[in-house]
Undergrad: 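For reference, the structure I am asking about is given below.
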Amino acid sequence: MYEICALFVGIGLRMWLFRMPRVLLWISSRPEIETPLTSWGRLIEGEALMRNSQSYQNKHSYHGSTLLLALISYLNLNAPSSVEILFIASDVISAVALYLFAQKFLRKELKSQKECKEKLFKGVSSILIKPEHVSKVPTIICALYMCNPFSLATCISKSSVTFNNLFLALFLLSAVQGSIWQMAFYVALSTYETLYPVQLLLATGLCAWKYQEKPSTLKICYLKSLACFTFWMALILTLSFLCEPTTSSLLSHYKFILSAPDQTPNVGVFWYFFTEVFDHFHTFFICVFQINVLIYSIPMSIKLKSHPVFLVFMLIAITGIFKSYPSVGDASLWLCLLPLWSHTFSYLRYPSVTGAMLLTSTILCPVMWHMWINAHSANANFYFAATLAYTTALVLITTDTAMAYLNWHVRIREGLKPCVAGTSEKAVLRLMN
């Protein structure tokens, strides 16, 4: 019942905000929401060039995917009013998918916890997953996604991040079902849009290995995932080629993501660094920054081999933070999933600090932008300081959640208090005078 109310409230807020031209104009100009890769304005410019039989990729206007451009162009031509409905419907489907995913995942975790009860340490019942988690947490996640300011702003600005979040939400739902075909399909769609989700292939194999009704070996799951992903990716690229029959349109999209030539300010770390770095160091640091986005997937897949859903959560978070053109919409998805790990919150080290840091930096970003661009009383350093604080807050939230999750797993097996090495005594933290 509450989740239905959350859906209707979210739909109402979006419909109301879509009828406020001044709000739409202000939000569409925000660099925290719109990026050169996801901007609605650039998409409309690319559509105009496509209608005039010009190559939008060579005009340095639109840098998104060809299929998205073709879809929006068709809707604008035949049913312009349906564009807003498309974005609202995408958010609604994402919220429902996240609700069903959280519900199924927590039920599986609760069942697994009961089956492994004899392996758990005595006296840890207070920190275990409880039946009320299954009933409450999915509703909270659904409400957070529909009413989150980040997802609201992303939707009404008509950012293409809305569709990427939809693909990732559907991927999460198919992950707990163990369906390789569905997982590979949504990974292919997300990869086609933003490239970085290709690293979710590792998690796809692990999810299939853990959640399939007829489990196969891990090697076979990986091979099936790779084969299905290759098939779907080839099909999507073929459709894209049919819409824009030039190889440059296929390659320029990914070239733009990897080379990051547009240093328009955003909430990421690429733009400021590459406006300052010497040109002859540009290629080297581009490689370093791009490797930083992808390098965590392999060690984390090894460490979280038995916890593929948490691995997916971490990979989505890391990608949303360190990608070349991030926006607040990228953070909206994984921040809404934090209640999924509420049973580990007692092991968070500084939740109030990171929460206050995220809130403060989010408010400071438009303030510093106004001081820099409109009031001319500041410079780029002020805005970058705010975006760097925002990025740091997200990194701290991610690492703190990961440490709390791992610590919780240690505690349920070894007890609430750690033992001193080589003895049966419990370690006690004593404060010095």
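Start at 1 with the first residue, then count along the sequence.
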Undergrad: With a 3.5 Å distance limit and no angle check, can you tell me whether S73 reaches the backbone of A70 through a side-chain donor-acceptor pair?
TA: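 Such a contact is absent between S73 side chain and A70 backbone.
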Undergrad: Identify whether NZ of Lys or CZ of Arg in R14 sits under 6.0 Å from the centre of the six-membered ring of W16 and within 45° of that ring's axis.
TA: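 No.
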Undergrad: What are the two closest non-hydrogen atoms of V187 and T204, and how far apart are they?
TA: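 Scanning both residues, the minimum pair turns out to be CG2-OG1, 3.8 Å.
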Undergrad: Could you walk me through whether E84 and R19 satisfy the salt bridge (Lys or Arg N to Asp or Glu O under 4.0 Å) test, starting with their C-alpha distance in whole Å, then the side-chain angles of each, then the deciding distance to 0.1 Å, before giving a yes or no?
TA: CA-CA 11 Å; E84 295 178 0; R19 299 296 174 267; 3.0 Å; yes
Undergrad: Provide the closest heavy-atom pair for P31 versus P265 in the form atom of the first, atom of the second, distance.
TA: CB-O, 3.2 Å
Undergrad: Tell me whether the centres of the aromatic rings in F274 and F285 are closer together than 6.0 Å.
TA: no
Undergrad: Are side-chain N/O atoms of T38 and T35 paired as donor and acceptor at under 3.5 Å?
TA: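 Yes - a donor-acceptor pair under 3.5 Å links their side chains.
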Undergrad: Test E132 against K130 for salt bridge (Lys or Arg N to Asp or Glu O under 4.0 Å), laying out the working first.
TA: CA-CA 5 Å; E132 52 263 31; K130 298 176 176 61; 5.7 Å; no
Undergrad: Which atom pair, heavy atoms only, marks the closest approach of C155 to D91?
TA: CB-OD2, 3.2 Å
Undergrad: Nearest 0.5 Å, please: how far is CD1 in I236 from OG1 in T191?
TA: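 Answer rounded to 0.5 Å: 8.5 Å.
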Undergrad: So how far is it from L195 CG to K323 NZ, rounded to the nearest 0.5 Å?
TA: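 So the CG of L195 and the NZ of K323 are separated by 10.0 Å.
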Undergrad: Kindly say whether the aromatic ring centers of Y222 and W209 come within a distance under 6.0 Å.
TA: no
Undergrad: So, Q290 side chain and I257 main chain: donor-acceptor pair closer than 3.5 Å or not?
TA: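 Such a contact is found between Q290 side chain and I257 backbone.
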Undergrad: Report the distance from atom CZ of F310 to atom CG of L315, rounding to the nearest 0.5 Å.
TA: 10.5 Å
Undergrad: Would you please say whether a donor-acceptor pair under 3.5 Å links the side chains of Y405 and H307?
TA: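 Yes.
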Undergrad: Here's a test for you: under ring pair (Phe, Tyr, Trp, His ring centres under 6.0 Å), which of Y272, Y390, F270 qualifies with F384?
TA: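 When ring pair (Phe, Tyr, Trp, His ring centres under 6.0 Å) is applied between F384 and each of Y272, Y390, F270, only Y272 qualifies.
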Undergrad: Tell me, please, which residues at least two apart from T319 pass side chain to side chain donor-acceptor pair (under 3.5 Å).
TA: Q199
Undergrad: Start with the C-alpha gap between I316 and V312, add the side-chain angles, then the distance that decides, and say whether side-chain contact (heavy atoms from CB on, under 4.5 Å) holds.
TA: CA-CA 6 Å; I316 291 175; V312 173; 3.7 Å; yes
Undergrad: Hey, could you give me the CG/CD1 distance between L338 and I141, rounded to the nearest 0.5 Å?
TA: 9.0 Å
Undergrad: Step by step, would you call I156 with F87 a side-chain contact (heavy atoms from CB on, under 4.5 Å)?
TA: CA-CA 8 Å; I156 65 173; F87 280 91; over 6 Å; no
Undergrad: Minimum heavy-atom separation for T66 to C243, with atom names?
TA: CG2-CB, 3.9 Å
Undergrad: Say you draw a straight line from CG of L348 to OG of S346; how long is it, rounded to the nearest 0.5 Å?
TA: 8.0 Å
Undergrad: Classify the side-chain pair N266/E32 by whether it contains a donor and acceptor separated by less than 3.5 Å.
TA: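 Per modelled atom types, N266 and E32 side chains form no pair under 3.5 Å.
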Undergrad: For W369 together with Y383, are the ring centres under 6.0 Å from each other?
TA: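 Yes; W369 has its ring centre under 6.0 Å from that of Y383.
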Undergrad: Between H253 (side chain) and E193 (backbone), is there a donor-acceptor pair under 3.5 Å?
TA: yes
Undergrad: Counting neighbours of CG on D279 that are heavy atoms of other residues, nucleotides or ligands and sit closer than 6.0 Å, is the number greater than 12?
TA: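 No.
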Undergrad: Return the minimal non-hydrogen interatomic distance between S301 and L311, and the atom names on each side.
TA: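 Between these two residues, the closest heavy atoms are OG-CD2, 3.6 Å.
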Undergrad: Using distance only, find each side-chain donor-acceptor pair of residues 100-112 under 3.5 Å and give its atom names and separation, not counting sequence neighbours.
TA:
{"residue": "Q103", "atom": "NE2", "partner": "Y99", "partner atom": "OH", "Å": "3.3"}

Undergrad: For M357, does its backbone N or O pair with a side-chain atom of T360 as donor and acceptor, under 3.5 Å?
TA: no
Undergrad: So, do F231 and W181 have ring centers that fall under 6.0 Å from each other?
TA: yes
Undergrad: Checking ring pair (Phe, Tyr, Trp, His ring centres under 6.0 Å) against W232, which of Y192, F167, Y186, F185 comes through?
TA: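 With W232 as partner, ring pair (Phe, Tyr, Trp, His ring centres under 6.0 Å) holds for just one option, F185.
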Undergrad: Counting C-beta onward and ignoring hydrogens, is there a side-chain heavy-atom pair between L333 and C336 closer than 4.5 Å?
TA: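 The answer is no; the side chains never approach within 4.5 Å.
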Undergrad: Would you mind reporting whether C365 and T387 have side-chain heavy atoms less than 4.5 Å apart?
TA: yes
Undergrad: Does any N or O in the side chain of S174 come within less than 3.5 Å of the main-chain N or O of F171, such that one atom is a donor and the other an acceptor?
TA: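 Answer holds: yes.
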Undergrad: Apply ring pair (Phe, Tyr, Trp, His ring centres under 6.0 Å) to Y325 and W271, showing your working.
TA: CA-CA 8 Å; Y325 294 104; W271 70 274; over 10 Å; no
Undergrad: Give the minimum heavy-atom separation between L237 and Y254, together with the two atoms involved.
TA: CD2-OH, 4.3 Å
Undergrad: Would C147 and V9 satisfy side-chain contact (heavy atoms from CB on, under 4.5 Å), going step by step from the backbone distance to the final call?
TA: CA-CA 8 Å; C147 303; V9 169; 4.0 Å; yes
Undergrad: Checking side-chain polar atoms at under 3.5 Å, does S190 have a donor or acceptor matched by the opposite partner on N164?
TA: yes
Undergrad: Are side-chain N/O atoms of Y196 and S324 paired as donor and acceptor at under 3.5 Å?
TA: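 Their side chains do contain a donor-acceptor pair, which is all the 3.5 Å distance test asks for.
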Undergrad: Are side-chain N/O atoms of E3 and T139 paired as donor and acceptor at under 3.5 Å?
TA: yes
Undergrad: Table please: side-chain donor-acceptor pairs of residues 396-403 below 3.5 Å, with sequence neighbours left out.
TA:
{"residue": "T398", "atom": "OG1", "partner": "L394", "partner atom": "O", "Å": "2.7"}
{"residue": "T399", "atom": "OG1", "partner": "V395", "partner atom": "O", "Å": "3.0"}
{"residue": "T399", "atom": "OG1", "partner": "L396", "partner atom": "O", "Å": "3.1"}
{"residue": "D400", "atom": "OD1", "partner": "R349", "partner atom": "N", "Å": "3.1"}
{"residue": "D400", "atom": "OD1", "partner": "R349", "partner atom": "NE", "Å": "3.4"}
{"residue": "D400", "atom": "OD2", "partner": "R349", "partner atom": "N", "Å": "3.3"}
{"residue": "D400", "atom": "OD2", "partner": "Y350", "partner atom": "N", "Å": "3.4"}
{"residue": "T401", "atom": "OG1", "partner": "I397", "partner atom": "O", "Å": "2.7"}

